[in-house]
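Note sheet for the following structure.
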Amino acid sequence: MTQDKNPPHASLINPEDADIRNVAFTTRLEDFVNWSRKNSLWPLPFGTACCAIEYMSVVSSHYDVSRFGAEVVRFSPRQSDCILVLGTVVEKMGPVLREIYDQMLEPKWVIAVGVCASSGGFYRAYHVMQGIDEVVPVDVYVPGCPPTPEGIIYGMMKLQEKITKGGIVRARDRHKLTGK
Amino acid sequence: MLEIDTNLLESKLPGFSNRFGKDVLTVSDHRGDLTIEIQPSVLRDALMFLKATLRFEILMDVFAMDYSKFDPPTRERFAVIYNLYSVSQQRRVRLKVFLNEDKPEIESVHDVYASANWFEREAWDLFGIVFKGHPHLVRILCHHDFEGHPLRKDYPSDGYQRLKSASPAAGI
Ligand code: SF4
């Protein structure tokens, strides 16, 4: 083979890089998918009360949730994969929350922020749902009234941990595969 | 029963006692909060009089009370209170009527004060007060499957009622 027939960029490739071990790495598919999922959460703020105010500071520059890859706040459930329920959910709001949750695409997660969303909080009364887990499956509960911004970030990090450990098949199919 | 202080009433609301004197049950002016208790039958007329003649332009609020656990006992279980404000004179007056437990009914005043419309729905929703002649007396705060009237003293504070589905047909 003559010099002329070499491709033009051939001289740029370091002969050592031709070794596959220097340009690629191996991992498990699950780990790789989960790694990308956990670092690009698109949150949907379902803000019904004061906790939503706290979330504003989580997103803005001082606390800056984009350090955890979760700053692309969406207001459409179809574009987001993590719904944060921030505030008191009254009984009348229950079906609304469920409908929004149902519109989100898999994979999806739920964080209950504050005692109101987690357990009804001090609203031990006829009009408030005693915890949103009565209508949607909750992944992480963040305590506090309201939780500090650090608390909410900690909750998101807990969710990231959970995603790391989770499988990547859809929950529906997982039930089918395991028969559970 | 308290003696009605007609002079007080006349000085605060000129002409009122002349017209409704025999239907006024009590008058109190506690720290400048003028409250007049009247017979339910003349409530509508009294409100019209206060609006047209004494220029109480705004109905700030209508709310109900359940006195069933009140000490000393009151003459009836329920009361409905009308809160008026006069922008031109910058003063307030409250009208109060007591309603019978078995038949808590009163004339609607939505056509006298338009703001009464939603206030009356609220009083119906939470206390079960019936406002006769109201154009759309349905629940406004509790959901459409709710049963009972939760601010009545005999409704348990933890009487949760699950709403199965949000129905757009339920109205606002
Ligand atoms: S938990 Fe506290 S701060 Fe959060 S919504 Fe409830 S009352 Fe407000």
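Here is the naming used below: chain letters follow the sequence lines, and residue numbers restart at 1 for every chain.
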- Item | Side-chain heavy-atom pair E134(A), R162(B) within 4.5 angstrom cut-off | yes

- Query: Are more than 12 heavy atoms from other residues, nucleotides or ligands located less than 6.0 Å from atom CZ of R67(A)?
  - Reply: yes

- Task: Report yes or no: do V135(A) and L86(A) belong to one cluster of Ile/Leu/Val/Met/Phe/Trp/Tyr joined by side chain heavy-atom distances under 4.5 Å?
- Result: no

- Task: Check whether I153(A) and F46(A) end up in the same hydrophobic cluster, where Ile, Leu, Val, Met, Phe, Trp and Tyr are linked by side-chain heavy atoms less than 4.5 Å apart.
- Result: no

- Query: Are V142(A) and W109(A) linked, directly or through other ILVMFWY residues, by side chains that come within less than 4.5 angstrom of each other?
  - Reply: yes

- Note on the structure: Between K92(A) and I140(B), the two heavy atoms sitting closest are NZ-O, 3.4 Å

- Indicate the atoms forming the closest heavy-atom contact of Y126(A) with G159(B), along with that distance. CB-O, 3.7 Å

- Item | Atom NZ of K22(B) with >12 non-hydrogen neighbours under 6.0 angstrom | no

- Query: Tell me, do E91(A) and H143(B) make a side-chain contact under 4.5 Å, heavy atoms counted?
  - Reply: yes

- Query: If you measure from NE2 on H127(A) to OH on Y160(B), what distance do you get to the nearest 0.5 Å?
  - Reply: 9.5 Å

- Message: For V128(A), which atoms come within 4.5 Å of any heavy atom of chain B: side chain, backbone, both, or neither?
- Response: backbone

